[in-house]
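All ligand and atom numbering here is 1-based and tracks the order in the structure. Because the structure is a prediction, the values reported are computed rather than measured.
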Amino acid sequence: MRKGWMFIMCGFVGLLALTVLASEKPPSDFASAMQAIAGAQAAAATATAAEDYDAIEKHAATIVDSFLVIEKYWSARSPEVLPMVRTAAKAASDLRVSSQQRSLEGVAYSAKELTAACANCHTAHRETMPDGTFQIK
Ligand code: HEC
């Protein structure tokens, strides 16, 4: 009985180790695209507070472009993640359209969708390492 538990425990530990091993350091273009996305998202929020639609549009375009790098990465590595990338990219492109339409409501809505898309993917595919850096899982 005891031995059985030991085996199960070892199995769990082994699985955990595998999960950690399966995560990998992001290529530099991936990490810099994420940073560009985060910077543009923050800038778009500031522009939204100022109702500066041209600036929102510009930052949304940066996000859309940067997601192309992310999309390329996942199509080569794990195409099953692509729907998550596309949900995020779609929210960014909706943000762009809403800013062109000068719709504050549309901007607020797509910004919220975008934030949710970031969080969904980070929960599923971003691993925080003990030193505070991130890896891809
Ligand atoms: C399809 C998955 C996915 C989506 C969508 C996504 N991210 Fe990420 N993000 C990751 C992964 C995986 C990492 C870890 C690798 C890394 O740090 O580059 C990461 C890392 C980051 C980092 C840290 C970059 C660094 O310096 O290492 C930031 C900042 C970031 N994401 C911001 C965002 C924001 C803001 C959004 C939404 C607008 C977003 N991400 C959407 C997967 C995603």
Side-chain angles (χ1 to χ4, degrees):
M1 192 59 196
R2 274 239 164 118
K3 266 198 172 148
W5 278 112
M6 279 294 284
F7 272 120
I8 293 171
M9 287 300 288
C10 286
F12 269 125
V13 173
L15 258 179
L16 263 172
L18 265 182
T19 318
V20 172
L21 280 178
S23 70
E24 64 178 37
K25 239 176 108 69
S28 63
D29 64 340
F30 187 103
S32 49
M34 278 297 155
Q35 285 157 12
I37 289 168
Q41 189 193 30
T46 308
T48 303
E51 292 188 39
D52 181 348
Y53 292 103
D54 291 335
I56 303 170
E57 186 185 346
K58 189 183 103 197
H59 299 306
T62 302
I63 300 174
V64 171
D65 286 349
S66 305
F67 270 122
L68 293 176
V69 176
I70 306 300
E71 179 165 346
K72 201 167 150 211
Y73 172 86
W74 291 109
S75 12
R77 186 186 187 259
S78 318
E80 70 276 10
V81 179
L82 286 175
M84 272 189 174
V85 182
R86 289 185 184 138
T87 304
K90 166 87 171 46
S93 109
D94 288 349
L95 181 64
R96 191 178 180 182
V97 172
S98 303
S99 60
Q100 284 163 347
Q101 294 169 343
R102 305 286 190 255
S103 159
L104 200 53
E105 204 180 318
V107 164
Y109 181 82
S110 20
K112 215 172 108 200
E113 294 281 292
L114 182 61
T115 305
C118 314
N120 277 342
C121 188
H122 289 164
T123 304
H125 297 291
R126 185 168 81 167
E127 176 139 356
T128 308
M129 304 315 279
D131 65 357
T133 60
F134 300 111
Q135 289 203 350
I136 301 175
K137 64 176 179 187

Given atom 8 (Fe) of ligand 1 as the apex, I'd like the angle to SD of M34 and NE2 of H122, rounded to 10 degrees.
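Rounded to 10°, it measures 170°.
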Enclosure of Y73 OH (heavy-atom neighbours >12, cutoff 6.0 Å):
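Enclosed.
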Quick check on E80: does its CD atom have over 12 non-hydrogen neighbours (other residues, nucleotides or ligands) under 6.0 Å away?
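Atom CD in E80 is packed in, count exceeds 12.
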Enumerate the atoms of ligand 1 whose separation from the nearest heavy atom of L114 is less than 4.0 angstrom.
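Reading through ligand 1 atom by atom, the close ones are 38 (C).
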About how many Å separate OG of S110 and CD1 of I56, when rounded to the nearest 0.5 Å?
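Going from the CD1 atom of I56 to the OG atom of S110 covers 9.5 Å.
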Considering non-hydrogen atoms of the protein only, which is the closest contact for [atom], and what is the distance?
atom: atom 12 (C) of ligand 1; result: H125 O, 3.2 Å
atom: atom 36 (C) of ligand 1; result: C118 SG, 2.7 Å
atom: atom 29 (C) of ligand 1; result: A38 CB, 3.7 Å
atom: atom 35 (C) of ligand 1; result: Q41 OE1, 3.2 Å
atom: atom 2 (C) of ligand 1; result: C121 SG, 1.7 Å
atom: atom 11 (C) of ligand 1; result: F30 CE2, 3.6 Å
atom: atom 17 (O) of ligand 1; result: F134 CB, 3.2 Å

Quick one about Q41 and T115 (side-chain donor to acceptor, distance below 3.5 Å, no hydrogens or angles considered), yes or no?
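A pair is found: one side chain offers a donor N or O, the other an acceptor, under 3.5 Å apart.
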Are side-chain N/O atoms of S99 and E57 paired as donor and acceptor at under 3.5 Å?
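Looking only at side-chain atoms, E57 and S99 do not form any donor-acceptor pair under 3.5 Å.
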Going by the closest heavy atom to atom 14 (C) of ligand 1, which one wins out of R86, R126, E127?
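Closest candidate by heavy-atom distance is R126.
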Should the proximity of [X] to ligand 1, defined as any heavy atom under 4.0 Å, be assigned to the side chain, the backbone, both, or neither?
X: P26; result: side chain
X: Q135; result: backbone
X: A88; result: side chain

Taking 4.0 angstrom as the limit, do K58 and D52 come out as a salt bridge?
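Looking at K58 and D52, the cut-off is not met.
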Which word best sums up how the rings of F30 and W74 line up, parallel for under 30°, tilted for 30 to 60°, or perpendicular for over 60°?
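F30 and W74: perpendicular rings.
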If you measure every N/O of Q35 against every N/O of ligand 1, is any gap under 3.5 Å?
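Indeed, backbone or side chain, Q35 has an N or O that close.
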Give the minimum heavy-atom separation between P79 and S75, together with the two atoms involved.
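That closest heavy-atom pairing would be CG-O, 3.7 Å.
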State, with a plain yes or no, whether a side-chain heavy atom of C121 is found less than 4.5 Å away from one of V85.
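C121 vs V85: side chains apart.
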